[in-house]
Amino acid sequence: MTTETMAKGATPNTGALKHQPPARRRKKRPGTYISRVAIILAGLVFFFPFLWMVATSLKPTSEVFSTGSNFLASRVEWSNYVTAWTAIPFAQVIANSFLVSIAGAALTTVVSLLSAYAFARLQFRHRDKLFLVFLGTLVLPQEVLVIPLYIMMNKLDLVNSLPALIVPFAFGAFGAFLIRQFLLSLPVEFEEAARIDGAGSIRILWSVILPLVRAPLAVVAVFSFIDYWSSFLWPLIVINDVSQATIPLGLSMFSGERGTDWGPLMAAATVAVIPSLLVVILLQRQLVKGVSMGGFGGR
Amino acid sequence: MMTAIPTLAVKNAKKPARVTGHGKLAAAYLAPGMLGFLIFIVVPLVASLVISLFDWPLFGTPKFVGLENYTRMLTGDPVFWTVLGNTLFFAVCYTVLNLVLALAVSTWLHNLGSWGPFFRVLFFVPVVTPMVANALVWRLMLTDDGVVNSFLANFGIHGPSWLSNSQLAMGSLIAMSLWQGIGYNIIVLGAGLNGISPNLLEAARIDGAGGWQRFFRVVLPMLSPSLFFCTVMTIIGSFKVFTQPYLLTLGGPGESTNTIVLYLYRNGFSFDKLGYASALAWALFVIVMLITAVQFSQQKRLVNYDN
């Protein structure tokens, strides 16, 4: 199952119908070259903050500003990475981030699949009404919920714990919606055949549906991973012990402690950016599909 | 209401061959998702309305105060109107600039042939990298002796204080946010552009329509579902702005870059006023829902769905 098939089923009007430009336009006009030079320049300017982040992470702190707009300082200061690594329990913070993001993505994906299957394939009363109410929360800002959620976590004695970072945000409608849309585009005949062969509902979900929905599951997993990985407001509220912090919170705590120590700070920022960069490079197709389906709603 | 968003079009589930209900089975499958939905979304939404009727400290006993938090917000707290104004200003500037730029860039990339997809992904990178890291490098670049001002100094320009000048700070936040967020709309609009049949544009060309005419009379109407989707999502996102002012300006100078969510956060977790913070949260909720409802009510008039 490829993402193309998925796009055809789920979003017929976005991306799937990739039309070739007419042959006439394939001929290169002089404008094309100007356009290409311009886009390279625009891309460089756009990417500059990341280049500057890495450049600064390799500068001695005394030269961060004295080097002006030069990329290189008098020497390459690798020790910034060591400083960042030891100033906050950085290995712990990175491990927390991976743990929270992977557990959160797994929980979100499983829960979404189960709900999506029920909404797409089972008959029960008020199904479509319930789904619409659920779906309406796609446009509900999570920021509205943080005060009661904090009080809840406080009552449950979960403040400063990783479950508090994982569980409350695994039940959004995006994943279930995306998988449901995809399921609706699949023929029910496979399932009917399996049912006639005597397979139970769990067996059908596991052996028939699961292999077919890998593509949308991957999209949901990638998007929730990134959401957990980048989340800041909620960790800022519910975690105040750096040993339980995720990378964005750790960075923010680090900058609060040594706000002008830019070398180590940018070293830490570089480390925080690299996993996301890898995700973009390796999983760009899933990302593009997911965005077209409303992933990252409103970011 | 969600049927309206083209890329969020809700299909109706087909009835299976056996029309008998699956009540118990469905309940089992839905239990985790719907319990979580109830506990972590529905209950907090209602609870935040209840909490907003209390004087609610972090530790200690909440005291019922009726609508006092709301009357204070609307009549006794000038900062509320300032942060509301700031957030609206941010939302309008950010949304308009984002859509115009994203439309221009995605059209440009669409005509770049095989180079388009690469740059589309490049512009998407800051959407995915952690906002905190993004905001910190911008703070570094925009400090008084940062790289932006040293670059300007090469041309003999004495650069201003981008983050501590109350005239410029909000502009800097908008610029940073555009850089952070524009890749999202570039992707959505790019997908929309890919969905427009080139035959249609060719037909318009043969009929004598010039480049601009084709853009405004053919491309734009065909793209209106994607544009509608982008507008809804971008406006909602812009009302939630928090990390940028928190890390770049601390809401300052004065209150000039303080926003609803930053003010909500401070009331709840710095000033120990969870009740008042919840009133602010409900103000945010009502504003976002009203704007979204207005957009959906206008979409039939503005969006062209005869594809």
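A, B, ... follow the sequence lines: proteins, then strands. Residue 1 opens every chain. Computation of the quantities below employed the complete heavy-atom set of this structure, encompassing side-chain atoms and omitting hydrogens, waters and symmetry-equivalent molecules. What you see is a predicted model, and the numbers here were worked out from it, not measured in a lab.
When heavy atoms are compared at a cutoff of 4.5 Å, Phe239(B) does not approach chain A at all. Heavy atoms of Thr143(B) lying under 4.5 Å from chain A belong exclusively to its side chain. Within the 4.5 angstrom heavy-atom criterion, only side-chain atoms of Ile51(B), from C-beta onward, approach chain A. In this structure, chain A has no heavy atom under 4.5 Å from any part of Leu35(B). Using a 4.5 Å cut-off between heavy atoms, Ile182(B) touches chain A through its side chain atoms alone. For a residue to count as touching a neighbouring chain, one of its non-hydrogen atoms must lie under 4.5 Å from one of that chain's; by this rule Phe285(B) touches chain A with backbone and side chain alike. Only the side chain of Leu247(B) comes within contact range of chain A, with at least one heavy atom under 4.5 Å from a heavy atom of that chain. Within the 4.5 angstrom heavy-atom criterion, no atom of Asn185(B) approaches chain A.
Counting heavy atoms from C-beta on, the side chains of Leu114(A) and Pro32(B) come closer than 4.5 Å. The side-chain heavy atoms of Val43(B) and Pro148(A), taken from C-beta on, include no pair separated by under 4.5 Å.
A perpendicular orientation is assigned to the rings of Phe134(A) and Phe37(B), their planes being inclined by more than 60° (bins at 30° and 60°).
Ranked by heavy-atom pairs shorter than 4.5 Å toward chain B, the options Ala118(A), Pro248(A), Gly172(A) are led by Pro248(A). Contact count versus chain B (heavy atoms, under 4.5 Å) is highest, among Phe171(A), Trp229(A), Phe46(A), Trp52(A), for Phe46(A). Contacts with chain B were tallied for Thr270(A), Leu107(A), Ile151(A); Ile151(A) has the most, counting heavy-atom pairs under 4.5 Å. Here Pro49(A) is the residue among Gly43(A), Pro49(A), Ala269(A) with the most heavy-atom pairs under 4.5 Å with chain B.
Separation of atoms CG (Leu136(B)) and CE (Met266(A)) is listed at 5.0 Å; rounding is to 0.5 Å. Taken from CZ in Phe232(A) to OG1 in Thr243(B), the straight-line distance is 6.0 Å, to the nearest 0.5 Å. Atoms CG and CD1, from Leu149(A) and Ile39(B) in turn, are 11.0 Å apart once rounded to the nearest 0.5 Å. Separation of atoms CG (Leu284(B)) and CD (Glu143(A)) is listed at 7.0 Å; rounding is to 0.5 Å. One finds the CD1 atom of Ile281(A) at 10.0 Å from the CG atom of Leu122(B) (value rounded to the nearest 0.5 Å). Atom CG of Leu233(A) is separated from atom OH of Tyr265(B) by 8.0 Å, given to the nearest 0.5 angstrom.
A centroid separation of 6.0 Å or more is found between the aromatic rings of Trp56(B) and Tyr150(A).
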